[in-house]
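Quick notes on the structure that follows.
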2 protein chains.
Amino acid sequence: MDDSENSATPGTGYRDVKRVVVERILSSTWPPGAMLPPEVDLAREFACTRTTVNRALRELADEGYLERRRKLGTRVRANPQRQAKLSIPLIRDEVEGTGAAYRYALVGREALPAPGWLAARMGLAPGDPVLHVRCMHYADNRPFQFEDRWINIAAVPEAAAEGFAATGPNEWLVRKVPYTRAEFSFAATGAAGEVAEYLGLRAGEPVLAAERLTWLREVPVTLAEMTFMPGYRMVSR
Amino acid sequence: MDDSENSATPGTGYRDVKRVVVERILSSTWPPGAMLPPEVDLAREFACTRTTVNRALRELADEGYLERRRKLGTRVRANPQRQAKLSIPLIRDEVEGTGAAYRYALVGREALPAPGWLAARMGLAPGDPVLHVRCMHYADNRPFQFEDRWINIAAVPEAAAEGFAATGPNEWLVRKVPYTRAEFSFAATGAAGEVAEYLGLRAGEPVLAAERLTWLREVPVTLAEMTFMPGYRMVSR
DNA sequence: GAGTGGTCTAGACCACGGT
DNA sequence: CCGTGGTCTAGACCACTCC
């Protein structure tokens with residue numbers, strides 16, 4: 001009865017092709033590892049051109065359903081793409097999205113020569129001028145995130161003249177500097193030092209720390225460590 | 001001199017169009033919010049067909065650089081897509097990728113009616129039959145990850161007959177059941193109970209816990225909490 | 001060499017959404 | 001209405017890779 005789910009119908013667009021192919025994968029008509037017919041054959045079955053089939057299969061490959069290689073053909077991925085997209089909103093948006101009032105506060109700001117560990121981490125020469133900014137983000141005046149950031153002044157000269165008294169460095173940078181590459185990582189750590197002090201935590205309390213390093217055309221721009229209040233969950237979509 | 005970076009050259013493919021457009025965005029020729037010329041104009045400039053320009057712009061929109069709407073046209077995104085892709089490899093691959101030997105061990109396996117909290121979390125009816133599996137993953141015989149998993153038996157009837165003595169439920173499920181949707185989140189917690197016991201940690205020691213919930217066509221399949229050894233970092237690509 | 005996907009062309013019609 | 005992107009066609013040539 002419901003064969004529209006699993007067969008080609010006339011007037012086929014690339015979305016239809018995608019839908020039918022996914023149905024066949026999910027229903028194990030084409031189980032993991034199976035080869036699909038060549039594009040030409042599928043085009044004949046779906047009564048459309050190869051271009052249309054090509055777009056459908058290309059997108060399904062992008063989405064992780066298929067694996068394609070010239071001459072070898074197209075096969076169903078044994079392991080579906082085990083990837084998650086994390087959305088990393090601006091803190092302000094994230095806080096205000098929950099209906100809470102956002103507040104920013106500067107903790108400290110110093111221009112100094114890059115210490116060895118930082119130079120190594122960011123790919124700078126030791127002693128290169130950098131700006132070190134620490135700040136807090138509050139939701140309804142409750143601590144939300146502690147941010148510890150280093151900015152490569154050579155990459156963003158205007159930062160040297162910016163006080164970051166009213167606007168956080170994250171928001172400022174996003175509006176000022178595009179980036180070509182970013183590296184994220186996450187880990188659980190125990191609260192310590194300023195982090196524990198400003199978040200109001202006992203030393204050693206488990207907190208989620210996110211690190212972000214960005215480049216503009218191979219030039220390192222900024223390294224940031226953002227530490228969240230206990231209980232915070234980062235969610236993919 | 002290096003104007004090949006910022007201008008159209010003959011024999012233009014969609015990759016060339018993409019490269020040039022990105023260059024113009026990064027160099028603020030087209031700053032955030034700016035409108036791009038219509039596809040027809042770009043096609044003339046690049047000496048290619050509109051199809052080629054269309055593919056380039058469509059992909060750049062997918063990648064978060066551009067925003068496109070009919071009639072309104074194409075504009076540069078004010079805030080670049082703040083998204084990161086996390087790769088979630090199979091544990092075995094991750095461990096073996098570091099050169100270490102992978103070992104799996106079953107900790108416990110029980111079939112039981114879904115407790116209330118689980119039913120609510122997964123979207124089941126309380127009392128629905130589920131399988132609860134706990135297991136360990138080792139790298140060179142050092143604890144690497146503790147896995148606590150619930151499987152909806154109605155979604156995967158074959159799981160009822162599987163002992164999970166030699167193969168982890170993750171690996172088994174990946175080969176057995178496709179999924180249509182997955183939700184992923186992670187948080188920092190303090191080690192406790194079995195987690196602390198099997199990872200060999202003091203109670204309260206900060207650990208990274210990742211939770212994964214998957215569906216097959218609106219049917220919840222499995223909920224897993226994976227707790228990593230202290231110091232583990234999850235890295236984006 | 002030969003089969004398969006990768007890409008481009010030139011042209012067409014459609015769908016959306018502002019005017 | 002009409003400009004813009006969205007999609008499709010029919011055909012072509014190229015690039016990779018297995019044989």
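Nucleic acid contact class of A:R55 (heavy atoms, under 4.0 Å, all strands): sugar-phosphate only.
Aromatic ring orientation, A:Y104 versus A:H137: tilted (interplanar angle from 30° to 60°).
In terms of modelled atom types and a separation under 3.5 Å, the side chain of B:D140 and the main chain of B:A101 share a donor-acceptor contact.
Taking atom CZ of residue A:R50 and atom C1' of nucleotide C:dC8, one finds them 11 Å apart after rounding to whole Å. The CD-C1' distance, from A:E67 to C:dG5, rounds to 14 Å in whole Å. Distance B:L60 CG to D:dG6 P: 13 Å, rounded to the nearest Å. Regarding B:E39, its CD atom lies at a distance of 18 Å from the P atom of C:dA12, rounded to whole Å. If you measure from atom CZ of B:R58 to atom C1' of D:dG6, you get 9 Å, rounded to the nearest angstrom. In this entry the distance linking CG of B:L66 with P of D:dT4 reads 17 Å, nearest Å. Following rounding to the nearest Å, A:F46 (CZ) and D:dC8 (C1') show an atom-to-atom distance of 16 Å. Remark: C1' of D:dT7 and CG of A:D16 are 12 Å apart, rounded to the nearest angstrom.
Considering only side-chain N and O atoms, B:T74 lies under 4.0 angstrom from the phosphate OP1 or OP2 of D:dG5. Put simply, A:N54 has a side-chain N or O that comes within less than 4.0 Å of OP1 or OP2 on C:dG6. Taking side-chain N and O atoms only, A:R68 has a distance below 4.0 Å to OP1 or OP2 of C:dG6. Taking 4.0 angstrom as the limit, A:R69 places none of its side-chain polar atoms (N or O) nearer than this to OP1 or OP2 of C:dG6. Regarding contacts with the backbone of C:dG6, every side-chain N or O of B:R15 stays at 4.0 angstrom or more from both OP1 and OP2. Contact annotation: B:Y14 does not reach the phosphate of C:dC8 (side-chain N/O to OP1 or OP2, under 4.0 Å).
Under the 6.0 Å distance and 45° angle rule, A:R103 counts as a cation-pi partner of A:Y138.
The residue among A:T52 and B:R70 whose nearest nucleotide of DNA chain D is located toward the 5' end is B:R70. For the pair B:T51 and B:L57, nearest-nucleotide mapping onto DNA chain D gives the more 5' position to B:L57.
Using a cutoff of 4.0 Å between basic side-chain nitrogens and carboxylate oxygens, A:R24 and A:E45 are scored as salt-bridged. Comment: A:R19 does not engage A:E23 in a salt bridge, judged by the lack of any side-chain N to carboxylate O separation of less than 4.0 angstrom.
Nearest to the side-chain atoms of A:K71 among the listed nucleotides D:dC16, D:dT7, D:dG6 stands D:dC16.
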